[in-house]
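The structure displayed is predicted, hence computed values, not measured ones. Residues: numbered from 1 along the sequence shown.
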Amino acid sequence: MNEIYEKVLRVTGCIREKTDFKPAVAITLGSGLGGFAKKVKCECEISYSEIEGFPVSTVPGHDGRFIFGYIDEVPVVLMSGRVHFYEGYSITDVVLPIRVMKLLGAESFFVTNAAGGINADFNVGDLMMITSHISSFVTNPLIGANIEELGTRFPDMTDVYTKEYQDIIRNAACDLGINIREGVYCQTTGPSFETPAEVNMFRILGADAVGMSTVVEVIAARHMGMKVSGISLITNKAAGLNESPLTHDEVKAAADEAAPKFEALVSAVVKGIYRK
């Protein structure tokens, strides 16, 4: 058996020893967005440190636990804190949680992140629905022997973000009076922020926002046949578009300010996804 797949099964089994909860929707919370966890009617919490062999978040704003419970009637598993490639983990460990959540029962993946705005029309605090993505210098998580139990060798990424879920996001934003942006998200490795020259390159390539997560997770999710949707919170202007140096504290502060509309939108979208 494939070594990576063995680890996925081992971690899934460890979680199953602690809970038999079956989620329908998997949600990953980005930097500074962990407050949404309070919206979940919790049935069980499991710290990453309690799971043998599981990568542990080391970044401020990522508290590192799975939350199993309900958003209204929707059974969800929430990653309150993700792990990043720049923390030194292998790319297979970075996407391990996504694979595990799928094996626990989740058929839909809703990903969120904090991002720098490249599109000149975007403002700090805007929410952007991800319509497609670009990977820049980030290792593809499917490199190596294919895990046939999870998916095909060459998964199609034409409609990587599910069209019907995009409609749900648009409608939910309209109902809530939120001006939702739409655009392409670009993932870099981090942990250094991008240079102005790199930001200009990404802009030319068609990116509207940039960050250090998400794309590899989405690739793993689509490989397994999960339906995917995503929202970026624009927490800062990308390098070269901002007069002051970029800091992680700035990201967290913007996330705190945007929390009410972010939480309302995520809740509405999750309920819309479940009804589909």
Side-chain angles (χ1 to χ4, degrees), residues 15 23-49 51 54-72 74-87 89 94-102 104 106 108-116 125-130 161 165 169 172 185 187 190 209 211-218 220-221 226 228-235 248 251-271 273-274:
I15 293 173
V25 181
I27 306 168
T28 297
L29 297 177
S31 295
L33 300 174
F36 180 76
K38 297 175 184 176
K39 296 290 184 180
V40 177
K41 180 183 177 184
C42 181
E43 294 288 323
C44 176
E45 289 188 16
I46 303 175
S47 172
Y48 299 162
S49 61
I51 305 169
F54 198 86
V56 178
S57 304
T58 64
V59 183
H62 293 261
D63 65 359
R65 60 198 166 112
F66 282 118
I67 300 173
F68 297 87
Y70 295 90
I71 296 175
D72 285 354
V74 186
V76 302
V77 55
L78 198 73
M79 281 190 76
S80 184
R82 57 157 51 92
V83 292
H84 303 80
F85 190 45
Y86 65 72
E87 293 176 81
Y89 292 111
V94 172
V95 302
L96 171 66
I98 313 306
R99 289 169 166 164
V100 168
M101 290 190 290
K102 173 63 165 66
L104 291 173
S108 300
F109 178 45
F110 188 8
V111 62
T112 73
N113 59 56
D126 283 350
L127 297 177
M128 183 193 84
M129 179 178 73
I130 305 173
Y161 296 88
Y165 286 3
I169 293 174
Y185 174 88
Q187 178 179 355
M212 304 172 190
S213 69
T214 298
V215 171
V216 294
E217 300 162 27
V218 168
M226 299 179 83
V228 176
S229 57
I231 292 177
S232 295
L233 169 61
I234 306 302
T235 52
H248 190 69
V251 170
K252 291 173 64 179
D256 289 343
E257 187 171 342
K261 67 177 181 180
F262 169 81
E263 293 172 1
L265 182 59
V266 172
S267 294
V269 171
V270 167
K271 286 183 278 188
I273 287 172
Y274 184 61

Practice prompt. Could you pull out all residues at least two apart from Asn113 that satisfy side-chain hydrogen bond (donor to acceptor under 3.5 Å, both in side chains)?
Written response: Thr214, Ser232

Discussion item. Can you tell me how far apart CD1 (Ile51) and CZ (Phe66) are? Round to the nearest 0.5 Å.
Written reply: 5.0 Å

Worksheet item: Are the side chains of Val228 and Tyr165 in touch, meaning some heavy atoms are under 4.5 Å apart?
Response: no

Worksheet item: Of all heavy-atom pairs between Arg82 and Val111, which one has the smallest distance, and what is that distance?
Response: NH2-CG2, 3.2 Å

Worksheet item: What are the two closest non-hydrogen atoms of Ile67 and Arg65, and how far apart are they?
Response: CD1-NH1, 3.4 Å

Worksheet item: Where do Ala220 and Arg99 come nearest, in terms of heavy atoms and distance?
Response: CB-NE, 4.4 Å

Worksheet item: Checking side-chain contact (heavy atoms from CB on, under 4.5 Å) for the pair Val56/Tyr89: CA distance, chi angles, key distance, verdict?
Response: CA-CA 9 Å; Val56 178; Tyr89 292 111; 4.0 Å; yes

Worksheet item: Which distance, rounded to the nearest 0.5 Å, do you find between the OG of Ser80 and the CZ of Phe36?
Response: 11.0 Å

Discussion item. Working note: Met226 + Met101, criterion side-chain contact (heavy atoms from CB on, under 4.5 Å); need CA distance, chi angles, decisive distance, verdict.
Written reply: CA-CA 10 Å; Met226 299 179 83; Met101 290 190 290; 5.5 Å; no

Worksheet, complete the sentence: Looking only at heavy atoms, the pair that brings Ala114 and Thr235 closest together is CB-CG2, 3.8 Å

Response to the item:
d(Ile15 CD1, Phe54 CZ) to nearest 0.5 Å is 6.0 Å

Practice prompt. For this output row, return yes or no: ring centroids of Tyr161 and Tyr185 closer than 6.0 angstrom.
Written response: no

Item to complete: Decide yes or no on side-chain contact (heavy atoms from CB on, under 4.5 Å) for Tyr274 and Val76, but give the supporting numbers first.
Response: CA-CA 10 Å; Tyr274 184 61; Val76 302; over 6 Å; no

Worksheet item: Atom CD1 of Ile130 and atom CD1 of Ile169: how far apart are they, to the nearest 0.5 Å?
Response: 8.5 Å

Worksheet item: Going through the checks in order, is the side-chain contact (heavy atoms from CB on, under 4.5 Å) test met by Tyr48 and Met79?
Response: CA-CA 10 Å; Tyr48 299 162; Met79 281 190 76; 3.2 Å; yes

Worksheet entry | Heavy-atom closest contact (Lys39 atom, Glu263 atom, distance) | CE-OE1, 3.1 Å

Item to complete: State the CZ-CG distance between Phe110 and Leu29, to the nearest 0.5 angstrom.
Response: 9.5 Å

Practice prompt. State, with a plain yes or no, whether a side-chain heavy atom of Ile71 is found less than 4.5 Å away from one of Val25.
Written response: no

Response to the item:
Sequence neighbours excluded, the answer for side-chain hydrogen bond (donor to acceptor under 3.5 Å, both in side chains) partners of Thr28 is none

Worksheet entry | For Tyr70 against Asp72, the heavy-atom pair lying closest together | CB-O, 3.3 Å

Practice prompt. Find the distance between CD (Gln187) and CZ (Phe85) and round it off to the nearest 0.5 Å.
Written response: 9.0 Å

Discussion item. Between Lys261 (side chain only) and Gly125 (backbone N and O only), is there a donor and an acceptor less than 3.5 Å apart?
Written reply: yes

